[in-house]
Amino acid sequence: QAQLVESGGGWVQPGGSLRLSCLASGFTLDSHVVTWFRQAPGKQREGVVCVTSHDDRTYYANSMKGRFTISRDNVKNSVYLQMNSLEPEDTAVYYCATDLDPSSKCVDADYHLWGQGTQVTVSS
């Protein structure tokens, strides 16, 4: 059955880095858009970055530009999120999600499939 599993979260000090992984099983991820979301305590879920299926274009939230980088490894059927210069405001549960319709784009994707989330905590 189609699944997404996140890993790589943890507790780091401000200025530190983490690399999150999103591993797909039961389907081939490279034909689908993928978005990383996050939800901080007491706040609504927000999109972090989306990568397209057809040309690997990326769309970052303004606060993450220059600090976060999304990438694909199609051999491993995975997507990664490299997070640098982490700040306490980045503390959240991070999720990856995808639309199983291969024609969907970042702008119109319906994210039916989600991972379980991985906790990122940034504090002194």
Side-chain angles (χ1 to χ4, degrees):
Q1 189 172 358
Q3 286 185 301
L4 296 175
V5 178
E6 302 96 335
S7 62
W11 183 12
V12 299
Q13 295 185 351
S17 299
L18 287 172
R19 188 182 190 229
L20 307 183
S21 298
C22 176
L23 174 63
S25 60
F27 72 107
T28 301
L29 191 57
D30 62 2
S31 296
H32 303 267
V33 303
V34 180
T35 291
W36 285 96
F37 295 90
R38 70 183 186 184
Q39 187 163 23
K43 297 183 179 180
Q44 294 184 335
R45 184 174 61 239
E46 64 176 337
V48 175
V49 59
C50 180
V51 60
T52 66
S53 60
H54 61 286
D55 59 2
D56 277 352
R57 286 186 174 271
T58 55
Y59 301 89
Y60 292 87
N62 288 334
S63 64
M64 272 67 80
K65 290 180 179 178
R67 299 192 300 121
F68 292 7
T69 304
I70 192 170
S71 62
R72 290 185 184 268
D73 187 332
N74 294 329
V75 173
K76 297 181 179 179
N77 207 24
S78 298
V79 169
Y80 304 97
L81 183 65
Q82 178 68 45
M83 306 187 297
N84 300 324
S85 301
L86 285 164
E87 304 168 353
E89 293 75 20
D90 297 316
T91 295
V93 178
Y94 284 72
Y95 303 87
C96 60
T98 191
D99 188 343
L100 291 178
D101 182 352
S103 66
S104 295
K105 303 177 177 63
C106 288
V107 67
D108 63 3
D110 187 1
Y111 294 101
H112 291 296
L113 184 61
W114 294 71
Q116 83 289 346
T118 185
Q119 176 71 48
V120 172
T121 302
V122 186
S123 68
S124 300

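Please read these numbers as outputs of a predicted model, since none were measured by experiment.
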Determine, using the 4.5 Å side-chain heavy-atom cutoff (strictly less than), whether [X] and [Y] are members of one ILVMFWY cluster.
| X | Y | value |
| --- | --- | --- |
| Met83 | Tyr59 | no |
| Val12 | Met64 | yes |
| Val51 | Leu20 | yes |
| Trp114 | Leu81 | no |

Show which side-chain atoms of residues 30-49 pair as donor or acceptor with protein atoms under 3.5 Å away, not counting sequence neighbours.
{"unit_1": "His32", "atom_1": "ND1", "unit_2": "Asp99", "atom_2": "O", "d": "2.9"}
{"unit_1": "His32", "atom_1": "ND1", "unit_2": "Leu100", "atom_2": "O", "d": "3.4"}
{"unit_1": "Thr35", "atom_1": "OG1", "unit_2": "Tyr111", "atom_2": "OH", "d": "2.5"}
{"unit_1": "Arg38", "atom_1": "NE", "unit_2": "Glu46", "atom_2": "OE2", "d": "2.7"}
{"unit_1": "Arg38", "atom_1": "NH1", "unit_2": "Asp90", "atom_2": "OD1", "d": "2.9"}
{"unit_1": "Arg38", "atom_1": "NH1", "unit_2": "Tyr94", "atom_2": "OH", "d": "2.9"}
{"unit_1": "Arg38", "atom_1": "NH2", "unit_2": "Glu46", "atom_2": "OE2", "d": "3.1"}
{"unit_1": "Gln39", "atom_1": "NE2", "unit_2": "Lys43", "atom_2": "O", "d": "3.3"}

Short question: side chain of [X], backbone of [Y] - any donor-acceptor pair under 3.5 Å?
| X | Y | value |
| --- | --- | --- |
| Tyr60 | Ile70 | yes |
| Thr91 | Val122 | yes |
| Arg57 | Thr52 | no |
| Gln116 | Glu6 | yes |

Next on the checklist: Do Phe68 and Leu86 have side chains that approach each other closer than 4.5 Å (heavy atoms only, starting at C-beta)?
Outcome noted: yes
Checklist entry - Is Ser7 close to Thr118 at the side-chain level, that is, under 4.5 Å between some pair of heavy atoms? => result no
Next on the checklist: Per the salt bridge (Lys or Arg N to Asp or Glu O under 4.0 Å) rule, what does the pair list look like for residues 68-82, sequence neighbours excluded?
Outcome noted: Asp56-Arg72
Checklist entry - Going from NZ on Lys105 to OG on Ser53, what distance comes out if it is rounded to the nearest 0.5 angstrom? => result 8.0 Å
Next on the checklist: To check you understand the geometry: which heavy-atom pair defines the closest contact between Asn84 and Ser17, and what is its length?
Outcome noted: OD1-OG, 2.9 Å
